[in-house]
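Just follow the structure's listing: the first ligand is 1, and inside any ligand the first atom is 1.
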Amino acid sequence: MAATSTTTSFTKSHPNVELENEESENLSHECRELLLYLPKEKGWDFPYFYLYQDIWYPPTRIQAIISFQKHFQAKDNDIIIASLPKSGTTWLKALIFAIVNRNRFSPSQHNHPLLISNAHDLVPFFEFNHYGNNQQIPDISDLPEPRIFGTHIPFHSLPDSITKSKCKIIYICRNPFDHFVSFWLFINKVIPPSLPKLSREEALERYSRGANEFGPFWTHMLSYWRESKVMPNNVLFLKYEDLKGDINFYLKIVAEFLGFPFNSEEESNGVIESIIELCSFEKMKELEANKKGEFMQKYENKNFFRKGEVGDWVNHFSPGMQEKLSKVIEDKLGGSGLSF
Ligand code: A3P
């Protein structure tokens, strides 16, 4: 499925009365006009979110996505790492960077780029980085190949240039219980002082309605889940929990899928183990590059590394909250074949 022109709920008869000043700053005329007619919802770390192509975003993100949809030209050997925020994106970016570049940078070398830079600097996002710079169209035609990109937007909003190409897309998905906890704690850390922090009950209420940035989680997950069934050579669907359970096995699957399989010499020389070690939570969390610095001048790098565990949700959910989210998962994902 390709990007559609606006959203399913385009209601011209009831425009939003006006945009907040801070929302319309640096937005193109086209984007401001569009926002006037999109469904609007109270935000979380932004004053408002708008529903664009069935997903909630703050205004700046919508502008970046429109620019990306209009201008990005895919190459057949591009690699795209897709996810909902807080699903293990940083880890997957590091693993893929290390796999694909292992002939340029040995995973055991002391000055490997992943020991010096945050994974998001090495593998930037379309909608935050390349196309997130105030309406400027980036020249990314001559990035080293294969180009590796990150994105948090759903499959159905990717431009035709990608969906009709031979690009490899790898999606990482996470159990909604752990995903919610990681997301809620992260957003409350980065929320501007002008906006209230959300209690876990309020946050879960919004998450369960799908009203969070890049939500609803079920729409997002299912967009890639379904494509991974239709186009298994182009879309690989991974789960964070599976990677945590057997990273060695999944590293080989990923390398094979990308067309960079490990040969027997590499296997016997411990290359796979070196990559796993280089990208391990314990190693990455302790690096200076990840303890200091910021992503997008808003998100401190250290906030991308919290616990890195499966099942931490039990420390944050009451029985009522557990029941509520279980019901949403059953209602929205039941029958899809996607389960946790
Ligand atoms: P927790 O908040 O549960 O600890 P994202 O990279 O998509 O923002 O996801 C962040 C989540 O992945 C956080 O989960 C973070 O701790 C975890 N994470 C970060 N780096 C990791 C790594 N190298 N291995 C495993 N998990 C990692």
Review point. How does Ser87 reach ligand 1, if at all, at less than 4.0 Å between non-hydrogen atoms: by side chain, backbone, both, or neither?
Key: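 The part of Ser87 near ligand 1 is the backbone, not the side chain.
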Check your understanding: Which value, rounded to the nearest 0.5 Å, describes the distance between Leu243 atom CG and Cys173 atom SG?
Key ->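 Separation between the atoms: 11.5 Å.
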Check your understanding: If you draw the axis of the six-membered ring of Phe125, does the NZ or CZ of Lys93 fall within 45° of it and under 6.0 Å from the ring centre?
Key -> yes
Check your understanding: Should the pair Lys189-Glu300 be classified as a salt bridge under the 4.0 Å nitrogen-to-oxygen rule?
Key -> no
Practice item. Check each atom of ligand 1 against the heavy atoms of Phe305 and keep those under 4.0 Å away; list them by number with element. Key: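 With Phe305 as reference, the close atoms of ligand 1 come out as 16 (O), 19 (C), 20 (N).
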**Study point:** Axial cation check for Tyr48 ring with Lys42, 6.0 Å and 45° limits
**Key:** no
Practice item. Could you check atom 13 (C) of ligand 1 against the protein and tell me its nearest heavy-atom contact, residue, atom and distance included? Key: Ser182 OG, 3.7 Å
Check your understanding: Any Lys/Arg nitrogen of Asp45 or Lys298 sitting under 4.0 Å from an Asp/Glu carboxylate oxygen of the other?
Key -> yes
Practice item. Going by heavy-atom distance to atom 19 (C) of ligand 1, choose the closest among Tyr299, Trp313, Phe304. Key: Phe304
Review point. Less than 3.5 Å between some nitrogen or oxygen of Thr89 and one of ligand 1, yes or no?
Key: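 Between Thr89 and ligand 1 (N or O atoms, distance only) the closest approach is under 3.5 Å.
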Check your understanding: When you measure from atom 16 (O) of ligand 1 to every protein heavy atom, which one gives the shortest distance, and what is it?
Key ->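 Protein heavy atom with the smallest distance to atom 16 (O) of ligand 1: Arg306 N, 2.9 Å.
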Check your understanding: Does NZ or CZ of Lys86 fall inside the cone over Phe183's six-membered ring, less than 6.0 Å from its centre and within 45° of the axis?
Key ->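 No; the conditions do not both hold, so Lys86 does not lie above the ring face of Phe183.
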Exercise for review: Give the numbers and elements of all ligand 1 atoms closer than 4.0 Å to a heavy atom of Cys279.
Suggested key: 23 (N)
Exercise for review: State the atoms of ligand 1, each with its element, that fall below the 4.0 Å cut-off from a heavy-atom position in Gly308.
Suggested key: 1 (P), 4 (O), 16 (O), 26 (N)
Check your understanding: Within 45 degrees of the axis of the six-membered ring of Phe262 and under 6.0 Å from its centre: does Lys252 put its NZ or CZ there?
Key ->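 Relative to the ring axis of Phe262, which defines the angle, Lys252 lies outside at least one limit.
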Review point. In terms of residue, atom name and distance, what is the protein heavy atom nearest to atom 6 (O) of ligand 1?
Key: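 Answer, as residue, atom name and distance: Thr90 OG1, 2.4 Å.
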Check your understanding: Would a line drawn from the ring center of Tyr224 to the ring center of Phe237 be shorter than 6.0 Å?
Key -> no
Point to revise | Rounded distance (nearest 0.5 Å) linking atom CG of Leu287 with atom CG of Leu115 | key: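 Output value for this atom pair is 6.0 Å.
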Review point. Given Tyr240, Phe183, Phe186, which has its nearest heavy atom closest to atom 25 (C) of ligand 1?
Key: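 Closest candidate by heavy-atom distance is Tyr240.
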**Study point:** Ser83 heavy atom under 4.0 Å from ligand 1
**Key:**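 For ligand 1, residue contact (heavy atoms, under 4.0 Å) with Ser83 is absent.
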Study note, to complete from the structure: By side chain to side chain contact (heavy atoms under 4.5 Å, CB included), Lys291 pairs with (sequence neighbours left out) Glu286, Glu288
Exercise for review: Give a yes/no verdict on whether any heavy atom in Lys93 is under 4.0 Å from an atom of ligand 1.
Suggested key: no
Check your understanding: What is the closest protein heavy atom to atom 11 (C) of ligand 1, and at what distance does it sit?
Key -> Arg174 NH1, 3.7 Å
Check your understanding: Given that the side chain starts at C-beta and the backbone is N, CA, C, O, which of these parts of His179 lies under 4.0 Å from ligand 1, counting heavy atoms, or is it both or neither?
Key ->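 None of His179 does.
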**Study point:** Pairs involving residues 95-114, ordered by first then second residue, that meet salt bridge (Lys or Arg N to Asp or Glu O under 4.0 Å) (sequence neighbours left out)
**Key:** Arg102-Glu266
Check your understanding: Does Lys244 reach ligand 1 with a nitrogen or oxygen that is under 3.5 Å from one of the ligand's nitrogen or oxygen atoms?
Key ->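 No; the residue has no nitrogen or oxygen that sits under 3.5 Å from a nitrogen or oxygen of the ligand.
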Review point. In terms of atom number and element, which parts of ligand 1 are under 4.0 angstrom from non-hydrogen atoms of Met284?
Key: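 Counting from 1, the qualifying ligand atoms are 23 (N).
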**Study point:** atom 21 (C) of ligand 1: the protein heavy-atom neighbour that sits closest, reported with distance to 0.1 Å
**Key:** Phe281 CD1, 3.6 Å
Check your understanding: Looking only at protein heavy atoms, which one is nearest to atom 22 (C) of ligand 1, and how far off is it?
Key ->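 Going by distance alone, atom 22 (C) of ligand 1 is nearest to Trp91 CG, 3.4 Å.
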**Study point:** Gly88 N/O under 3.5 Å from ligand 1 N/O
**Key:** yes
Exercise for review: Just do the ring pair (Phe, Tyr, Trp, His ring centres under 6.0 Å) check on His71 and Tyr131 with the steps written out, would you?
Suggested key: CA-CA 9 Å; His71 301 292; Tyr131 292 91; 7.1 Å; no
Exercise for review: Could you name the option among His120, Lys307, Lys86 that has the heavy atom nearest to atom 8 (O) of ligand 1?
Suggested key: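 Selected option, by shortest heavy-atom distance: Lys86.
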